[in-house]
Every structure is written in structure tokens, then in C-alpha cells.
There are 2 protein chains.
Amino acid sequence: MLLNPAAEKFVVHWGEMGSRWGINRTVAQVHALLYISPKPLHAEEIATTLKVARSNVSTSLRELQAWGIVKVAHVLGDRRDHFETYTDVWELFQRIMDERKKREMDPTVALLRECLTPESPNSRTRGGQPDTLDDFTRHRLTELLAFFESMNAWYDQVRLIPTGALSAFFRMGHKLRKLLTPGSKPAGKTPTHGARP
Amino acid sequence: MLLNPAAEKFVVHWGEMGSRWGINRTVAQVHALLYISPKPLHAEEIATTLKVARSNVSTSLRELQAWGIVKVAHVLGDRRDHFETYTDVWELFQRIMDERKKREMDPTVALLRECLTPESPNSRTRGGQPDTLDDFTRHRLTELLAFFESMNAWYDQVRLIPTGALSAFFRMGHKLRKLLTPGSKPAGKTPTHGARP
DNA sequence: CGATAATTTCTGTAAAGACTGAAAGGTTCG
DNA sequence: CGAACCTTTCAGTCTTTACAGAAATTATCG
């Protein structure tokens, strides 16, 4: 398959974006290609289009399936596996967020809790400097944990919104103000942080 | 400076998280260290604590300053530059989001617009296959653009909230339902996507 | 205005990650 | 059941990125 210039530009850019967010470039490119493809593609076709090795595509597809955003589609009369991705951007986004939360947020929360537990069983057994955090550090980590917990709670609520209504929700930004200031009280802090030095 | 085990665990973990999100591990570690440090640190102290080269710290600090989350603090009687980060997690978060939006979202939106412009001036001058996107691809890119624009608009509103009130906002998740369903009409789509194959 | 301290820049090296091509493992079809 | 086809795994290569140490630059002090 030969991509026209605009499509190619998009695929390349998406690969670039992926790598900036810790996603393998090829993985992102494969996903971009599937996203703009009118029909499911088989691995061979993806490989020739993106000009990468067949095996590389195989690995990337596997990765995308682990992320839950690509699935196999079989075509009658064709033995090969074909692949497609979700067409709904909001669903895609939600699935990616779910996965990143599970892989990165949850372990971080767990670690913060662990760091903040008052006393570990073996803290006295080993000599040297004190095992406990100083008050300042403890305070910082507590705040960080609270941050993640707020985010988690918020995200859990957002996840309850049907994907079909998500875009409406995010377009509703202008209602935020009323929601936040019931008595329309003026803001206590400066809304935007100052210019950088 | 010698970190106690819990603090060290946090710093290491934060470095790991950073690299998963496309942030240099050392950069993230330096930031973690400054975040939990009760006082501004100079580069030498950071280097010995993290056991990395002085020059590496220099680069990392420069990077963190470019992100707008670390600033220089001078200590009376000490010629060396000292560094500190913001203590408010919400402000930190906002600054990072601002920067990532500027670096990654905005260019993506620009590219999508470019891909979707009806006709580029030189589209007829070069031979070969058609320069225009097929309808399906065009539709997908339009939806993607709409997604980014919704997100942008929403984020612009959130940014107007004073950082001091942000945590309250994100803790307000449970009010989402009422906001979304004024007449408490049932959702049109399934709220959560099914189990993966 | 040297001398000393502090910081940054630069270059080579080391480590990590991505990718390829070949081989192995499964499937489907005649 | 064997051949053709498709997919995955694996080992080695290549590319990219991160890093250390030296050299150069800048700032501060006597």
C-alpha cells in the first residue's frame, strides 16, 4: 500500500509523538496506519507500507493488542490475520489511559504508601542512619500521594461516563466556573503563574 | 548527602517513571531529589547524592529549568548556585502540562489542520498518485482533530482555576454525574468497555 | 588583574533500545 | 500426511540516547 503525502506525514508524526511519550516509534506508526485505514490490514501489508521488517510489525501488533487498542479481524477467504483499531477516539483514549494508570499510576501510589508507612519491620535491625523520613520529606510525599489519589478518584468518575458522552463532557469546560464558585466568590490565588525568569 | 532507604526508593522510582513518560531518568531523579529536599541544593551535592557526574547534573538542571519547574536560589555566603523546585504539586503538574501541551499537542493540532487543508498549492504540480486523502482517512483525522480541540478547550478552562482550588476541583468527581445528566436521562452507550479477548 | 572557584560545553564511550533476518513453531489445505 | 503458508521467537547488529571526564568558559574574590 502506498500512502499519499498527507497520510504519510500523519503516520510519521504520530510515530514521533509516540516516542516522546515513551511509546515505541514503530508501535505508534502501526497504530496510526490502522487508525486511518478504511479496512483491516495484514502484517505483511503494514510492513511494506511502513518499510520495516515483518518481525518488527509482529512485535508491534502484539504490543498494541496488550494495550487493548488493536484487535484481530479475519477476512473470508484469507488465512492471514488482519488487524484493526477502534474508530472512536474517545474509546482509544480511555483504553490508553486505563493501561497507563494501571502500569504507572497504581505502582506509584503503592510505593508512596509504602514509603509513608510509619515503621517497616526491619527498620531497627539494620544499623546506620535512621530509616524514617524527616518531617519535610514525609510532608511532601503525603501531598504527592494526595495528588494521585485525587486524580484517581476523578478518573474513576470520568470512566463512568459513556464514551459517547465524553466529548460532550470535555467540551463543557465553560461550565467549570459555575461549578467551582457556587457563590461566585473571587478566586483566592492568582489563576495563572507568573512569567518565568 | 545520604538518603535514607525510603527517600532513595522514591527517587529511584521517580526516575523510572520519568523514563516511561519520555523524561530522562537522571532529570527525573534530580527533580525528585529537589522535591523532597527541605532546602535548595547545589549541583555538587545533587551529583554525589545521586552518584552521577557533575556535568550530568548540570544538563539535567538546565532541562528542568526549561520545563519551568526548577529555579535557582542563592544562599548568602555561598557562591554556588542552589536549586529548588515548587512545593505545590498542583502547580508542578500544571507547569508540566503546559509545557507538554506546547511541545506536543499544539504541533500535532497544527499538523492535523495541515493534513486536512483541502488542497495544497503544489498538489497538482507533482505527478503520481493523488495528493488528497480518501474520505475515510479524512474523516478519521477530522475526529482526531476534534478530540484535541475539545481537550485544549477543556484544559484552557482548567488552567483558569487557581492552583489552590485545583485539588478541590479534582476531588469533585462525584458531581460529574449531575452535571452531565441534567434530566438524569439514562446513558446511551455502555459506560465501560467489555473485557478484552 | 591574576588566581581560584563554579559552571557549562564538548567529545568519546558505554548502555539501552530498536530493528533485522533467519530459524522455529503452528495452521491450513490439498 | 506432507507442503505451503503464516506467524512468532531469537540472536546478533545497528542506532540512538545517556553519561562521564576533560577542557573551556564564566564569575568571584583578594
Side-chain angles (χ1 to χ4, degrees), chain A residues 1 11-12 14-34 40-67 70-84 103-104 197, chain B residues 1 11-12 14-34 40-67 70-84 103-104 197:
Chain A
M1 183 170 51
V11 169
V12 168
W14 206 246
E16 173 68 18
M17 281 304 106
S19 53
R20 292 212 195 181
W21 288 84
I23 308 292
N24 180 292
R25 188 166 50 92
T26 306
V27 170
Q29 284 184 359
V30 169
H31 183 252
L33 181 59
L34 291 178
L41 303 176
H42 60 263
E44 185 66 33
E45 191 163 15
I46 298 173
T48 57
T49 305
L50 298 180
K51 299 184 180 70
V52 294
R54 190 42 245 280
S55 56
N56 196 2
V57 172
S58 178
T59 312
S60 298
L61 286 169
R62 166 168 284 253
E63 176 90 13
L64 286 166
Q65 284 172 289
W67 279 89
V70 158
K71 57 185 174 187
V72 181
H74 283 287
V75 173
L76 280 180
D78 196 332
R79 277 165 56 178
R80 295 168 294 188
D81 284 351
H82 290 239
F83 300 89
E84 63 185 353
R103 295 186 192 187
E104 285 130 17
Chain B
M1 182 171 51
V11 169
V12 168
W14 205 245
E16 173 69 18
M17 282 301 105
S19 52
R20 292 212 195 181
W21 288 85
I23 308 292
N24 179 292
R25 187 166 51 94
T26 308
V27 171
Q29 284 183 1
V30 170
H31 183 252
L33 181 59
L34 290 178
L41 303 175
H42 59 264
E44 185 67 33
E45 192 163 14
I46 298 173
T48 57
T49 305
L50 298 180
K51 300 184 179 72
V52 294
R54 192 37 245 282
S55 57
N56 196 4
V57 172
S58 178
T59 311
S60 298
L61 285 169
R62 166 168 285 253
E63 175 91 13
L64 287 166
Q65 283 172 290
W67 279 89
V70 158
K71 57 186 174 187
V72 180
H74 284 287
V75 173
L76 280 178
D78 196 331
R79 278 164 55 177
R80 295 168 296 188
D81 284 350
H82 291 238
F83 300 89
E84 64 184 353
R103 295 185 191 187
E104 285 131 16

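The shown structure was predicted, so the numbers you read here are calculated from the model rather than taken from an experiment.
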Just to be sure I understand the rule, does [X] reach a base, reach only the sugar-phosphate, or reach nothing, if contact means heavy atoms closer than 4.0 Å?
{"X": "B/R54", "answer": "base"}
{"X": "B/R79", "answer": "base"}
{"X": "B/R62", "answer": "sugar-phosphate"}

| query | Would B/T59 and B/T26 count as a side-chain contact (heavy atoms from CB on, under 4.5 Å) if you check the C-alpha gap in whole Å, the side-chain angles of each, and the deciding distance to 0.1 Å? | reply | CA-CA 10 Å; B/T59 311; B/T26 308; over 6 Å; no
Please determine whether a side-chain nitrogen or oxygen atom of [X] lies at a distance below 4.0 Å from atom OP1 or OP2 of [N].
{"X": "B/R25", "N": "D/dC19", "result": "yes"}
{"X": "A/N56", "N": "C/dG21", "result": "no"}
{"X": "A/S55", "N": "C/dT20", "result": "no"}

Please name the pair of heavy atoms, one in [X] and one in [Y], separated by the smallest distance, quoted to 0.1 Å.
{"X": "B/P40", "Y": "B/H82", "answer": "O-ND1, 3.5 Å"}
{"X": "A/L34", "Y": "A/F83", "answer": "CD2-O, 3.3 Å"}
{"X": "B/V11", "Y": "B/A32", "answer": "CA-CB, 4.0 Å"}

Could you check how far [atom1] of [X] sits from [atom2] of [N], rounded to whole Å?
{"X": "A/I46", "N": "D/dC6", "atom1": "CD1", "atom2": "P", "result": "15 Å"}
{"X": "A/D78", "N": "D/dA4", "atom1": "CG", "atom2": "P", "result": "19 Å"}
{"X": "B/N24", "N": "D/dT16", "atom1": "CG", "atom2": "P", "result": "18 Å"}
{"X": "B/D81", "N": "D/dT26", "atom1": "CG", "atom2": "P", "result": "15 Å"}
{"X": "B/R20", "N": "C/dA16", "atom1": "CZ", "atom2": "P", "result": "15 Å"}
{"X": "A/Q29", "N": "C/dA18", "atom1": "CD", "atom2": "P", "result": "13 Å"}
{"X": "B/L61", "N": "D/dC19", "atom1": "CG", "atom2": "P", "result": "14 Å"}
{"X": "B/H42", "N": "C/dT8", "atom1": "NE2", "atom2": "P", "result": "13 Å"}

| query | Would you say the side-chain atoms of B/S58 pair up with the backbone N or O of B/R54, donor to acceptor, closer than 3.5 Å? | reply |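 Here the side-chain-to-backbone pair does not exist.
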| query | When the nearest nucleotide of DNA chain C is assigned to A/V52 and to B/H82 on a heavy-atom basis, which residue is associated with the more 5' position? | reply |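 The 5'-side residue here is B/H82.
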| field | Listed nucleotide nearest any side-chain atom of A/R80, set D/dT9, D/dT7, D/dA20 | value |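 Ranking D/dT9, D/dT7, D/dA20 by closest atom to the A/R80 side chain puts D/dT7 first.
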